[in-house]
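Hydrogens, waters and symmetry mates are skipped; everything else that's a heavy atom, side chains included, is used.
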Amino acid sequence: MGRGKIEIARIESRTNRQVTFSKRRGGLLKKARELSVLCDAEIGLIIFSCTGKLTEFCSESTSIEEIIRRYQAAKGVRIPAGVSNHDSEAIYNELGRMRKETHNLELSLRRYTGDIDLNSVKLEELTQLEHQLECSVKKVRVRKMEILRQQTDNLLRKEKMLEEENEQIFSLFKDNNNQMAWEQQQQQAAMVSKFEEHGQVLDQFPFSGEAQPSSVLELAIPHYQPFRLQPTQPNLQDFGLHFPTFG
């Protein structure tokens with residue numbers, strides 16, 4: 001079974017294109033070497049891949065440079081090896097023009113800064129210099145006003161943010177003070193209520209001829225009255241009265 005016919009067209013797949021290039025490049029180099037050996041031909045082969053990689057082949061009896069020289073002689077053409085005299089002249093002219101322009105720019109800059117003596121400058125040049133300086137000053141002032149306006153807006157925005165933060169802090173501080181005042185009032189009300197309850201308890205226990213207790217705690221402490229011990233045996237003096245004496 002024979003091989004199918006391959007369509008000669010650009011391979012869209014990059015991987016397949018690279019594989020096909022490597023295979024066919026090897027085959028082309030092999031055919032060029034065989035042709036050079038079998039037929040004693042001088043062959044020079046130069047290949048650049050799509051990525052710019054160089055591959056070359058040359059017969060053993062010659063070189064690529066020699067083959068190119070023989071090609072130029074046979075075709076009557078010449079590949080320029082460097083820059084021609086016309087190109088060199090154009091480059092020198094362009095270099096001179098750039099040097100002159102640079103000198104004029106440096107001179108104008110020195111005039112702007114006042115580094116050179118203006119006595120030798122003509123009236124027309126002075127007028128032009130004055131006009132350019134006025135335009136430059138106007139641009140500088142406009143830019144300066146823009147920067148000042150931006151800084152002012154930023155400061156106003158920052159001031160507003162600080163005022164809002166200050167109001168929030170003041171509101172929190174006020175709420176905290178109100179909470180503390182309310183708690184103190186609740187504590188005072190609780191203490192007054194407690195004192196009133198103690199007074200009601202004391203009113204339930206009247207004390208006549210005694211010191212009034214100052215708190216309910218004193219009611220729980222027992223109070224003992226002082227007492228005198230009485231002898232249980234009869235008095236000896238009284239015993240002498242009932243019995244006669246012996247003498």
Side-chain angles (χ1 to χ4, degrees), residues 12-15 102 105-116 118 126-247:
E12 296 297 332
S13 176
R14 183 174 182 179
T15 304
T102 303
L105 291 174
E106 291 178 353
L107 184 61
S108 300
L109 182 61
R110 293 176 64 186
R111 288 177 179 175
Y112 291 151
T113 56
D115 293 339
I116 61 174
L118 299 178
L126 289 175
T127 304
Q128 184 179 3
L129 178 61
E130 182 182 8
H131 179 70
Q132 292 177 352
L133 289 175
E134 289 178 353
C135 294
S136 300
V137 171
K138 289 180 180 179
K139 292 180 180 179
V140 170
R141 288 176 179 173
V142 170
R143 179 57 183 166
K144 179 181 177 181
M145 294 302 298
E146 291 179 355
I147 294 176
L148 290 176
R149 191 179 300 108
Q150 293 176 359
Q151 292 180 354
T152 303
D153 295 339
N154 293 333
L155 290 176
L156 292 175
R157 192 180 302 109
K158 187 176 181 179
E159 181 182 3
K160 185 177 180 181
M161 293 174 60
L162 292 176
E163 289 179 353
E164 292 177 354
E165 291 180 358
N166 190 15
E167 291 178 357
Q168 293 178 359
I169 294 174
F170 179 76
S171 178
L172 293 174
F173 181 75
K174 185 176 180 181
D175 295 340
N176 189 17
N177 287 340
N178 294 334
Q179 182 68 20
M180 292 177 62
W182 181 82
E183 291 179 355
Q184 291 179 358
Q185 292 178 359
Q186 293 295 325
Q187 292 178 359
Q188 292 177 359
M191 292 177 64
V192 171
S193 177
K194 188 175 181 180
F195 288 149
E196 291 178 354
E197 292 177 357
H198 290 175
Q200 293 176 0
V201 172
L202 294 176
D203 293 339
Q204 295 177 2
F205 299 92
F207 296 89
S208 59
E210 298 180 1
Q212 186 75 12
S214 61
S215 63
V216 180
L217 182 61
E218 293 184 2
L219 295 176
I221 301 175
H223 296 273
Y224 299 97
Q225 296 294 334
F227 61 92
R228 183 177 298 172
L229 295 176
Q230 296 294 334
T232 57
Q233 296 181 0
N235 194 346
L236 297 178
Q237 294 178 1
D238 294 339
F239 182 79
L241 294 176
H242 295 286
F243 297 94
T245 58
F246 300 93

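- Atom-to-atom distance recorded for Q132:CD and E134:CD is 11.0 Å, nearest 0.5 angstrom.
- A distance of 13.0 Å separates CZ of R141 from CG of L148, quoted to the nearest 0.5 Å.
- Judged by distance alone, the side chain of N178 and the main-chain N or O of K174 form a donor-acceptor pair under 3.5 Å.
- The side-chain hydrogen bond (donor to acceptor under 3.5 Å, both in side chains) test with E146 is passed by exactly one of Q150, R149, R143: R143.
- Side chains of R157 and D153 form a contact here, defined as non-hydrogen atoms less than 4.5 Å apart.
- The line from CD of Q168 to CD of E164 is 7.0 Å long, rounded to the nearest 0.5 Å.
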